[in-house]
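Data block below; observations after.
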Amino acid sequence: MRQRAARDQKRLDSGAVSSPKDLENLQHEIVSLAKRQGDLEDVVLEVMERRESAQERVAELTDRVASVQSKIDDATARRDAALEEIDGEVASVTKEREVVAASVPADLLKLYDKLRGQQGGIGAAKLYARTCQGCRQELAITELNEIRRAAPDTVVRCENCRRILVRTPESGL
Ligand SMILES: [Zn+2]
C-alpha cells in the first residue's frame with residue numbers, strides 16, 4: 001500500500017497527469033491510502049498490545065500451574081508417607097493378631113471369625129456395667145444371672161447381637 005501511495009505521489013509530482021479530473025482522483029487516492037495506512041497501523045498496534053497482554057496471561061497461568069503442581073507433589077508425598085505408615089501398622093497388627101490367634105482354641109477362633117464377618121468386623125465385645133459394648137444393649141437380669149453362674153472358661157454371648165462377651169471386673173456382674 002505504501003508502494004502504491006509512493007507510485008501515485010511520483011505520478012503526481014512528475015506532472016505526467018495533466019487533466020484536472022485525473023489530478024483530483026490521484027490526490028483523492030493518495031489521501032485515502034494514507035488514511036487506510038493509518039487505520040492499519042492502529043490495527044497492528046492493537047494486535048501487538050493484545051499479544052503482549054496474552055503473553056502476560058500465559059506467564060501468569062504458567063506460574064499458577066507450577067504452584068498447583070507443587071501442591072500436588074506435596075500432597076502426593078504426604079499421602080505416600082501416610083500409606084507407608086499405615087502399611088507398617090497393618091503389618092504389625094497382623095503379626096500381633098497371629099500371635100494372639102495362635103493361643104485361642106480353634107473352635108472359639110472359628111466362632112469369633114464367623115461373628116466378625118456377620119457383625120461388621122467385631123466378633124467379641126466387652127461386657128461393661130451389664131452392657132454389651134458391641135450393640136450397647138444392657139443385658140436382661142436372667143441373662144446376667146446365667147453369665148454369673150457360667151464357668152470362667154465358658155464362652156458367653158450377647159443375647160441381642162450374639163457377639164462373644166468378654167468378662168472383666170468392670171462387667172457389673
Ligand atoms: Zn450385644
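When a ligand or atom number is given, it counts from 1 through the structure's own listing order. FYI, side chains are in, hydrogens and waters are out, and symmetry mates aren't considered; it's all heavy atoms of this structure.
With respect to the salt-bridge test (charged N to carboxylate O, under 4.0 angstrom), the residues D39 and R36 do not qualify.
For the Zn ion (ligand 1), the nearby protein N/O/S atoms, meaning those under 2.8 Å, are C132 SG, C135 SG, C158 SG, C161 SG.
Under a 3.5 Å cut-off, the side chain of E159 and the backbone N or O of L139 do not form any donor-acceptor pair.
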ask   = K71 and D74: salt bridge (charged side-chain N to carboxylate O under 4.0 Å, His left out), yes or no, with the steps?
value = CA-CA 5 Å; K71 278 181 191 154; D74 187 52; over 6 Å; no
query = Could you go step by step and tell me if E60 and R57 meet the salt bridge (charged side-chain N to carboxylate O under 4.0 Å, His left out) rule?
reply = CA-CA 5 Å; E60 192 189 311; R57 185 96 180 105; 3.1 Å; yes
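The 12-atom threshold is not exceeded at OH of Y128, counting heavy atoms of other residues, nucleotides or ligands nearer than 6.0 Å.
Scanning all heavy atoms of the two residues, the minimum distance from A124 to I122 falls at O-CG2, 3.3 Å.
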